[in-house]
J.: 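Take a look at this one; I'll ask things after.
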Amino acid sequence: MAATANYAREHPEWIPAGPAFKTYQFIADTMGADQYSRETFVNHVTEQSTYGVLDFERRGKGRDRGVHMYFSLSEDPETIMETIREDSRFGDLAHEEATINAVVRERLKQFRSKN
C-alpha cells in the first residue's frame, strides 16, 4: 500500500486494492520472494486496520462494475517507505525505484480507465 501511494503521481487518499496488489506482485517478483494470492494479500492488508495502520472500505461502482476495496494509510507513505527501506531484505529495491514508479503509475492509470 505504501509503495503504491508513494510512487503515484499524487499521493492518493484512497488506494485501490487492484493496483496495490499488482505493485506487491512486482516487488515480490523483483525480490524473488514467494507471493500471496490476491485474497490472502487483501486479508493481510485489511488485518492492519486492527492495528491502526490503515483504514479500508468497499465501494460499489454501479451496475455491472463491481465492488472495489480501497485503503487509506494512517501515516505518510514516504515515512512508511523510509522504514521499509531500513530492512536489509528490501535493499535491492533501491535500484528498482524507477521501474516500481512506472509500474505503479501504469497500474493506477489502467484502473482509472476501467472505472
Side-chain angles (χ1 to χ4, degrees):
M1 289 302 149
T4 303
N6 187 61
Y7 293 111
R9 289 194 195 284
E10 300 170 8
H11 297 321
E13 183 179 348
W14 289 94
I15 307 152
F21 178 67
K22 294 292 186 181
T23 302
Y24 157 75
Q25 285 181 307
F26 178 79
I27 291 172
D29 214 28
T30 300
M31 294 174 59
D34 292 338
Q35 294 181 25
Y36 291 129
S37 68
R38 182 181 172 109
E39 181 180 353
T40 303
F41 169 80
V42 169
N43 288 341
H44 281 291
V45 174
T46 55
E47 181 180 323
Q48 299 307 306
S49 67
T50 305
Y51 307 111
V53 175
L54 54 76
D55 289 318
F56 71 94
E57 65 180 45
R58 289 178 174 84
R59 297 182 192 168
K61 290 293 186 180
R63 187 179 174 127
D64 297 330
R65 296 183 83 192
V67 174
H68 298 277
M69 290 192 73
Y70 290 83
F71 299 89
S72 177
L73 298 168
S74 59
E75 296 289 326
D76 179 58
E78 291 177 29
T79 304
I80 296 170
M81 291 301 296
E82 287 174 16
T83 302
I84 290 170
R85 288 183 190 110
E86 290 174 4
D87 186 323
S88 63
R89 295 174 292 179
F90 295 95
D92 291 341
L93 290 179
H95 300 89
E96 298 294 333
E97 290 211 30
T99 307
I100 295 169
N101 189 344
V103 167
V104 166
R105 291 181 179 187
E106 182 60 27
R107 297 300 181 200
L108 287 169
K109 180 180 164 185
Q110 289 173 358
F111 179 81
R112 290 181 185 126
S113 70
K114 291 179 184 177
N115 298 298

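Nothing here was measured: the structure is a model prediction, and the numbers come from that model.
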J.: To the nearest 0.5 Å, what is the distance between CG (Asp29) and CE (Met31)?
T.: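 Rounded to the nearest 0.5 Å, the CG-CE separation comes out at 11.0 Å.
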J.: Please tell me if the side chains of Met81 and Ile84 come closer than 4.5 Å, counting only heavy atoms from C-beta onward.
T.: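 When only atoms from C-beta onward are counted, Ile84 and Met81 do touch, with a gap below 4.5 Å.
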J.: With side chains defined as the heavy atoms from C-beta onward, is the minimum distance between Val103 and Lys22 less than 4.5 Å?
T.: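 The answer is no; the side chains never approach within 4.5 Å.
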J.: Which heavy atom of Ala2 sits nearest a heavy atom of Leu73, and at what distance?
T.: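 For Ala2 and Leu73, the tightest heavy-atom pair comes out as CA-CD1, 3.7 Å.
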J.: Are there more than 12 heavy atoms of other residues, nucleotides or ligands under 6.0 Å from atom OH of Tyr36?
T.: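 No, not enclosed.
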J.: State the CG-OG1 distance between Leu93 and Thr99, to the nearest 0.5 angstrom.
T.: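 Answer rounded to 0.5 Å: 10.5 Å.
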J.: Do Tyr7 and Glu97 have side-chain heavy atoms sitting under 4.5 Å apart?
T.: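 Yes, at least one pair of side-chain atoms sits under 4.5 Å.
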J.: Is a side-chain N or O of Ser72 found less than 3.5 angstrom from the main chain of Glu13, in a donor-acceptor match?
T.: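 Yes, Ser72 side chain to Glu13 backbone: donor-acceptor pair under 3.5 Å.
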J.: Would a single hydrophobic cluster contain both Val53 and Met1, if residues Ile, Leu, Val, Met, Phe, Trp and Tyr are joined by side-chain heavy-atom contacts under 4.5 Å?
T.: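 Hydrophobic grouping puts Met1 apart from Val53.
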J.: Return the CD to CG distance between Glu82 and Asn6, rounded to the nearest 0.5 Å.
T.: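 Going from the CD atom of Glu82 to the CG atom of Asn6 covers 9.0 Å.
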J.: Are Tyr24 and Gln35 linked by a side-chain donor-acceptor pair shorter than 3.5 Å?
T.: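 The answer is no; no qualifying pair exists.
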J.: Would you mind reporting whether Ser49 and Leu54 have side-chain heavy atoms less than 4.5 Å apart?
T.: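 Result yes, sub-4.5 Å side-chain heavy-atom pair found.
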J.: Mind listing the closest non-hydrogen atom pair of Gly52 and Ser74 along with its distance?
T.: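 That closest heavy-atom pairing would be O-OG, 2.8 Å.
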J.: For Phe71 and Gln48, what are the C-alpha separation, side-chain angles and deciding distance, and is it a side chain to side chain contact (heavy atoms under 4.5 Å, CB included)?
T.: CA-CA 10 Å; Phe71 299 89; Gln48 299 307 306; over 6 Å; no
J.: Got a sec, which pairs hit side chain to side chain donor-acceptor pair (under 3.5 Å) with one end in residues 100-111, sequence neighbours left out?
T.: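 As it turns out, the side chain to side chain donor-acceptor pair (under 3.5 Å) pairs with a partner in residues 100-111, which skip direct neighbours, are Asn101-Arg105, Glu106-Gln110, Arg107-Gln110.
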J.: Can you find a pair of side-chain heavy atoms, one from Val45 and one from Met69, that are under 4.5 Å apart?
T.: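 Counting from C-beta outward, Val45 and Met69 never come under 4.5 Å.
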J.: Considering only heavy atoms from C-beta outward, does the side chain of Pro16 approach that of Leu108 to under 4.5 Å?
T.: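 Result yes, sub-4.5 Å side-chain heavy-atom pair found.
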J.: How long is the straight-line distance from OH of Tyr70 back to CZ of Arg58, given to the nearest 0.5 Å?
T.: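 Taking CZ in Arg58 and OH in Tyr70, the distance rounds to 13.0 Å.
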J.: Less than 4.5 Å apart, any side-chain heavy atom of Arg59 and any of Trp14?
T.: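 Contact flag for Arg59/Trp14 side chains = yes.
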J.: So do the side chains of Phe26 and Val104 get within less than 4.5 Å of each other, counting heavy atoms only?
T.: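 No. Closest side-chain heavy atoms not under 4.5 Å.
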J.: Same cluster for Phe111 and Ile15 if Ile/Leu/Val/Met/Phe/Trp/Tyr side chains link at under 4.5 Å?
T.: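 No, because Phe111 and Ile15 fall into different hydrophobic clusters, even though each may have its own neighbours under 4.5 Å.
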J.: Can you tell me how far CZ of Phe56 sits from CD of Glu47, rounded to the nearest 0.5 angstrom?
T.: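 The CZ atom of Phe56 is 11.0 Å from CD of Glu47, to the nearest 0.5 Å.
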